[in-house]
Amino acid sequence: MKAPEPENDPEADDARRLQGRSTELTARVPQLLEAMRSVGTGLELHSTLDRICETAARLAGARYAALGVVDETGDGLSDFVTYGVDEDIARQIGHRPDGHTGLLGELIRHPEAIRLTDLTTDPRSAGFPPHHPSMRTFLGVPIRVQGEMLGNLYLAEKHDGTEFTDHDQHMARVLATEAGLAIGNARLYEAARQRERWIDGSVAVTTALLSGKDADHADHADHAHHALTVVAEQARRLADSAAGLVLLPTSDGGLEIVAVSSDTPDVSVGTRIPGKSAIVAKLLAGESVYMEDSSTDSRLVSPQAAHFGPTMVLPLHSDGRVLGVLVTPRAIGGRPFTESERTLATQFASQAALALMMAEAQRDRERLAVFEDRDRIARDLHDLVIQRLFAAGMTLETAQRQSDVPEVRTGIGKAVDELDVTIQEIRTAIFALQQGSSEAPSGLRTRVLREINMAAVPLGFKPATRFVGAVDSAVGELTGKNLIAALREALSNTFRHARASRIEVTVDASAALADGTPAVRLSVADDGVGIPEGDRRRSGLRNLRRRAESLGGSSEVGPGLGEDGGGTTVTWQAPL
């Protein structure tokens, strides 16, 4: 007969508990192995964190799980994902924890496992925000890889209402180890993708700048604006910022926004940052400036800064030369820029500056090639075309003298006159080719004298010229261009029709219109045959009147320099 066992045998109780735990542990091994396999699947960081939370909650029988990733400084959280809290509750809670206070902060400062029966009574707890689910039981374990602290895994509220056990803690540690490897791999993958994006962005900028518009583009300023806009757009996209700005140095030592990529009207081209700003000197010296929140940073005096949060301000410098400044601000409350993002953005800014310099050098070479081609065309026109036209004119004049038929002599005379006008127009084209579109225009007085000298060739004499008032400084560029065109038209009409022996040209910058408005007045007077009464509406005179009226002026025809007012005086005037 078997002796009865004692009712309270401590050794038997320990054996039963050990047997129960072994059974529980053995049952969990396949689940844990499957969980580790699941956690290690995939490389996208955020989906990896979601998987870790779900797996940990399922294995521990917890209602809630969370995972906080420590930021680069090691004193806060850069990412925080949860399991068990639905989206509506999460929106009501609002901001995610930053890891600076409470139990989450304690786990960051002291990365050791914490297991609590009631976290609400723990002095380290900072309490819950409004709408947060009720939680009591708590288990937190650190996530490390090769001694580096990557984050913490948190579990709360077991489904059966019991406390977290040693087995739960051991399982969480194993899972945290695997999670650390997964997070590390995901971070490496994300960093590689990020570097690839920035490199692709640099290539895109270089390609866009070096394969831009040709050198004959109407306005060089458009070239520069296009290039800087490309830099702003790419920087905004790569930095995931709210805007991309490019600023250039001003003559007074400040900076001016010249290119903007943004969906909001908070910043605009033309806004200036004065040189007294504390960061301008640093930027122009080639130093980068990083701000956690530009809306509260006292170093910025621009009103636009109030609309943005974390901001990178990077000089565009290459070969010791600062071309400008690149700014990539995020929205207020946005994620701070990581050290990796700062490094990549700095490299992008240097590459963009180099691309800008290369694009400028390429455009200079293209413009030089165009100017060389223009010089060649001008030489050919002068040395070949004009000489042949002169020879043709001399041949015709010889034929005219030898002809006894009046009609033939008259026809040849008209052909010679047309050749002379053609030669004058070719000389004008030669001068325009040699000057080039990018050169600063000469003063109005010089341009008038140039027209007079060119007209002297077909006329056979040089018209008299007189200037009144501050012609060069008072007359604007647009009015000056139209005045030169009117002078050329008037001289051409005189040569073609007037048969004059004397011409006087006057440019008066002290004149006034009928209503007293200050004006510039051009008069071209001759002693020729005048204009027949029925011919006063010919196209040349209409062109003169149209040019003057487009500027708010007028054009009239009056008596000339000949006896009893013979000849013609063309008066053209426009307001200053």
Side-chain angles (χ1 to χ4, degrees), residues 42-49 69 71-73 78-79 150 183-212 225-248 257-263 267 279 282-283 286-292 294 308-331 334-360 362:
L43 291 172
E44 202 279 322
L45 181 57
H46 212 275
S47 63
T48 298
L49 301 183
V69 179
D71 59 24
E72 292 184 345
T73 63
S78 63
D79 204 352
L150 296 183
I183 293 172
N185 290 336
R187 277 186 166 181
L188 290 174
Y189 175 69
E190 187 64 29
R193 287 185 58 194
Q194 191 178 53
R195 282 194 296 271
E196 183 180 359
R197 286 195 299 270
W198 281 94
I199 291 172
D200 289 344
S202 297
V203 171
V205 166
T206 303
T207 302
L209 299 190
L210 297 184
S211 62
H225 183 264
H226 167 72
L228 297 175
T229 300
V230 168
V231 173
E233 290 172 348
Q234 288 292 333
R236 176 193 174 193
R237 179 181 67 84
L238 295 169
D240 192 25
S241 56
L245 317 173
V246 176
L247 298 86
L248 295 183
I257 298 176
V258 296
V260 176
S261 174
S262 176
D263 293 331
V267 290
I279 69 169
K282 286 186 176 182
L283 294 168
E287 297 182 34
S288 300
V289 177
Y290 306 100
M291 290 170 281
E292 294 298 324
S294 66
F308 300 106
T311 302
M312 291 190 293
V313 189
L314 311 169
L316 294 169
H317 62 90
S318 180
D319 196 24
R321 175 186 171 195
V322 177
L323 303 178
V325 173
L326 175 64
V327 185
T328 57
R330 283 177 174 161
R335 177 175 57 84
F337 290 99
T338 64
E339 192 64 34
S340 175
E341 288 175 319
R342 295 180 180 186
T343 300
L344 292 170
T346 301
Q347 294 171 349
F348 171 84
S350 297
Q351 180 66 27
L354 178 60
L356 288 170
M357 292 185 67
M358 292 172 62
E360 182 64 29
Q362 176 177 300

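Looking at Thr338, its side chain never comes within 3.5 Å of a backbone N or O of Pro336 through a donor-acceptor pair.
When all heavy atoms of Arg330 and Ala239 are compared, the closest pair comes out as NH2-O, 2.8 Å. Considering every non-hydrogen atom in both Ala232 and Gly244, the closest pair reads CB-O, 3.5 Å. Ser262 approaches Ala242 most closely through the heavy-atom pair OG-O, 3.7 Å.
By the 4.5 Å heavy-atom criterion applied to side chains, Pro310 and Glu292 are not counted as neighbours. Residues Arg342 and Tyr290 are in side-chain contact: their nearest non-hydrogen atoms beyond the backbone lie under 4.5 Å apart. For the pair Phe308 and Met291, the minimum side-chain heavy-atom distance is 4.5 Å or more. By the 4.5 Å heavy-atom criterion applied to side chains, Leu247 and Val327 are counted as neighbours.
The distance from atom CG of Leu314 to atom CG of Leu316, rounded to the nearest 0.5 Å, is 8.0 Å. Rounding to the nearest 0.5 Å places OG of Ser261 at 9.5 Å from CD of Gln234. Considering CZ of Arg193 and CG of Asp200, their distance stands at 11.5 Å, rounded to 0.5 Å. With rounding to the nearest 0.5 Å, the separation of OG1 in Thr328 from CZ in Arg236 is 11.5 Å. Rounding to the nearest 0.5 Å places NE2 of His317 at 8.0 Å from OG1 of Thr346. Summarising the geometry, atom CD belonging to Gln351 is positioned 13.0 Å from atom CG belonging to Leu344; distances are rounded to the nearest 0.5 Å.
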Can you list the steps and then say if Leu283 with Val289 is a side-chain contact (heavy atoms from CB on, under 4.5 Å)?
CA-CA 7 Å; Leu283 294 168; Val289 177; 4.1 Å; yes
Could you walk me through whether Arg197 and Gln194 pass the side chain to side chain donor-acceptor pair (under 3.5 Å) test, one step at a time?
CA-CA 5 Å; Arg197 286 195 299 270; Gln194 191 178 53; 5.7 Å; no
